[in-house]
Structures are given as C-alpha cells and as structure tokens.
Amino acid sequence: MDERDAYLAWPLSYMEGTPALANHYREWKWTIMLNLVNRGVDLKMVESRPGSANGSRVIKYRRLRPFKTDEIKVLLVENISTIAEKMLREAGYQEELREKLRTVHALGIRSKTQITEDLIKEAPCLLTIGCFCIGVNQVAQEAALSRGIAVFNSPFSNSRSVAELVISEIITLARQLGDRNREMHNGQWKKTAGGCQEIRRKILGIVGYGHIGAQLSVLAESMGMQVLFYDIQQIMPLGMATPTESLDELLERSDFVSLHVPETSETINMIGARELKLMKPGAKLINASRGSVVDLLALKEALESGRMGGAALDVYPEEPAANGPWSTGLEGLDNVILTPHIGGSTEEAQAAIGVEVATNMIRFLDQGTTLGSVNFPELDLRVNTFEQPSTPYPCRVLNVHQNVPGVLLKINQILGQFNIEKQVCESRGQYSYIMADVCAGCETDLDHIFESIFHLPEAVATRIVY
Ligand SMILES: O=C(O)[C@H](O)COP(=O)(O)O
C-alpha cells in the first residue's frame, strides 16, 4: 500500500451522545465546568471579524468548540492533502497513531475506501466522514445519518483537473498519440496520418452537465469543438453548447462522448452494447466518472470489432485498493488510453479539496453546522457575539432524532425550561436534525439538558458545544 495514514487527535472539551462518549462526558464533567467558568474571559476563544460598514468596530464572535476533555481522533487515509491535515491540526488536533476506526471521531477518505453500513456499526465514536473527492457513492450515507454521522464532500474543487484530463484525452485519441508513444517506446517508427484528425469542428457530447461537464464544455468550445450535452436536469447551457432531447440523440450525433455522471441506480451500465451501437462509426468514448457507468465487455467488443475509434478510461467497475499489478482486460487494444483513476489527482485540486472538506468537518465538529453535507439536512445557526447578553452557561444543543410526530415537542419541553436564543430544525427522510442555542443558568442545567435529550427514545445522537 502506498497510502499515508495520518492519525490526529484533538484534545478538547466535548459532550456527545453515544453511550461511549456520554461516559467520557460524565467522567470529565468537572473539567468541562471549569472550562465554562473560564469561557467568557479566555481570549483564545475569541474570533475577530472585519469591522462593520464604517470599519470602526470589530465584532467578536464566540467560538464554539466541542465539549469533552478527551481526545477527538481524526483518521485521514488515501493520501489526503497535507493542507487538510494542517487545518485539522490547527483546529486543535494532535498527531497520534491509531489503528482502529472504532476509536475515531472524524474520518477522511477519497473515492476508494468503502464505508459500508457494517463498518459504520463498528465505529461507535464516529461523528463525521469527509470524502476528500467529489464522489460519495463509497459511503453508506443513510446508515451514517441514522447514527448522526455527517458526510461531507467537495462537489467541485477537482472539476478543472478532470476537465483538463479529458481535453488532453480528446486530442490524444484524435491523433492516436497513445499508440505512437507505445510504438516508439518499443523501438518502432510508424509515421502515419490514417484516422488522425483535428478536433476543430468535431462534436463533443457531454453526458452530465454538472461542474465537470460544464467546465469541459467551455474548454472544448474554446478549441473550436461543437458541444452537445445531455442531463436529466434542465441546465442553462454555457457558451454555444446545445442540450439534446435524449441520451440516444447525443450518442448518435457525437464524435467524442465524455461521461460525467455520478454512480446511481440509473447510471449503472448506462453505456452498454445498445448505446455503443448508437454511436457514430469511429466515435470515441471517454469515461472519467465512475467505472460502473460503462459495460466494459460491451466496450471491448465494440473496440475489437473496429466500430469504435478508441476510448479513454480513468475509472473501472472494480478498482484495486493499492498500487501494484492489475488488469482492466483492455490492455493492448488500439487507441485505448487507460489511466489509474487520476482525473482529480493534481496538486491544485487536492489542495482545494483539502481546504473545502476540512473546513466543513471542523465547522460541524465545533458548531454543528451541516452546510455542504450530503446526507444531513443543511443547517446553519449564527454564532453569538460576546456583546450579546447571555447567561453564565450558554450552550448549543445538537441533536439527530427519528422524524416521528411528537419528538420535537419532547425536545422543546426540555429546552423550553430555559431561554432558547435561537433554533433551527429540518428533516431528511426518517431523521431530523435540530440546532438550538440555549441559555442555561448553571452547570446542573447543562447536565439536565444533555441527559434528558440523550435518553429520549427517538434520540439518535446528541451533542452539546459551548
Ligand atoms: O470522486 C472524485 O472526486 C474522483 O473520482 C477522484 O477521486 P480520488 O480523489 O479518489 O482520486
């Protein structure tokens, strides 16, 4: 394995609602209370924002932090950007080696680590999973929500890198560069123009006009290509790009077809024998989306028969867990480019992804904010300033519960014993998430709020941050 596993630990005050962490909370209760007493005067906990419109006043916001004086551990796998690692460390983590996922509170992965429902069951402390990539199909998202685990990804930070790779592949396929390169490396000089073409005025059909598809559309047009696209949603075309009525129409009209769809039940084997037959003779297929989208056996047949003019694949139905010998079954075919899932693997993309995902994870851990989460309702609650009147023990209650009638009433009966400064709640399927800023009067109140909500039968996960 070439993976660099970094294990970080975050020693912070923290209160959380899984049984394991609830015990930690009880154990460290007095330390927590001491932290609370110090809270209002501790300058380390003050964040400054730029001044108001006239620039004369600086508003100081309270900085919410997780709430247990124990270590929150973060596990980063799959060569995640060092920027993300640095950000997580600066948020308070310390490096520490850890072997097991079951002791980890925050997990960072990329596209190949499969987080199944079973694995989630074995991770009792896990609070958040950061997918440091676009795809999230590798995570059992519903199972994660049912445990109160928020999943984040980076929906667009590697779009440019993938689009650039596809542009390079369009030219490489058009000029058979892969074959000429291979021949030269094998000591053969084969100067030929047969089947080699310019890409100017050729038709590029883009399937999936999201962040990558749209980026590719702009780059392709700037090189003189005509762009068609097909998407299940109605999307505003960029430049002169034209939507087609159907996938079939796009396949029939395009010289190059590039796939940019997520893995869903609808996209599995979306391009099979039937679809490949619809493509123009000599057309080329590019897949840098998900391997399951193309039926590889059908593609092999279409290439071997000579009907198709070439293909570039960056993704495969099954991909190996680590670098080393491996076969796609397509080796040696003419004008076929095979790359090992490197579409988003540039320094720029990985750095941007690192910042984006680490920021979301830190905000979730510290404040409960779920902006950018792919499995939670997206909620945000403004953090109080130090100028706002407050009680000695203001706190933020974060709770995931089953979305059943009456549960909100029960929670608010508990919270309503205190002044609720603000509150938001939203449901997603079978589960709801509530964030509430509450003015507790004394340490016993905090204890009471946590224990009462934690023990509600509908409660899935409960945390309090301050
Ligand atoms: O989902 C993605 O962003 C791409 O498939 C890249 O995945 P990777 O970060 O695992 O290379």
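Just follow the structure's listing: the first ligand is 1, and inside any ligand the first atom is 1. Keep in mind it's a predicted model, so treat the numbers as computed, not measured.
Looking at Q176 and R180, their side chains do bring a donor and an acceptor atom within 3.5 Å of each other. A donor-acceptor pair shorter than 3.5 Å cannot be found between the side chains of T242 and R253.
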For the pair R274 and K277, evaluate side-chain contact (heavy atoms from CB on, under 4.5 Å) and give the outcome as yes or no after the intermediate values. CA-CA 5 Å; R274 178 190 160 280; K277 279 201 184 91; 5.9 Å; no

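Counting only heavy atoms from C-beta outward, the side chains of D179 and R182 approach each other to under 4.5 Å.
Less than 4.0 angstrom separates some heavy atom of G135 from each of these atoms of ligand 1: 1 (O), 2 (C), 3 (O). Near C133, meaning under 4.0 Å from any of its heavy atoms, are these atoms of ligand 1: 1 (O), 2 (C), 3 (O), 7 (O), 9 (O).
Of the protein's non-hydrogen atoms, R110 NE, 2.7 Å is the one closest to atom 9 (O) of ligand 1. The nearest protein atom to atom 7 (O) of ligand 1, hydrogens excluded, is given as S111 OG, 3.4 Å; this is a heavy-atom distance. Here the protein heavy atom with the shortest distance to atom 2 (C) of ligand 1 is I134 N, 3.3 Å. Of all protein heavy atoms, the one lying nearest to atom 5 (O) of ligand 1 is H341 NE2, 2.6 Å.
Contact annotation for N158 and ligand 1: only side-chain heavy atoms (C-beta onward) come within less than 4.0 Å of the ligand.
Under the 30°/60° scheme for interplanar angles, the aromatic rings of Y433 and F364 are found to be tilted. Ring pair H211/F156 is tilted by interplanar angle, where 30° to 60° counts as tilted.
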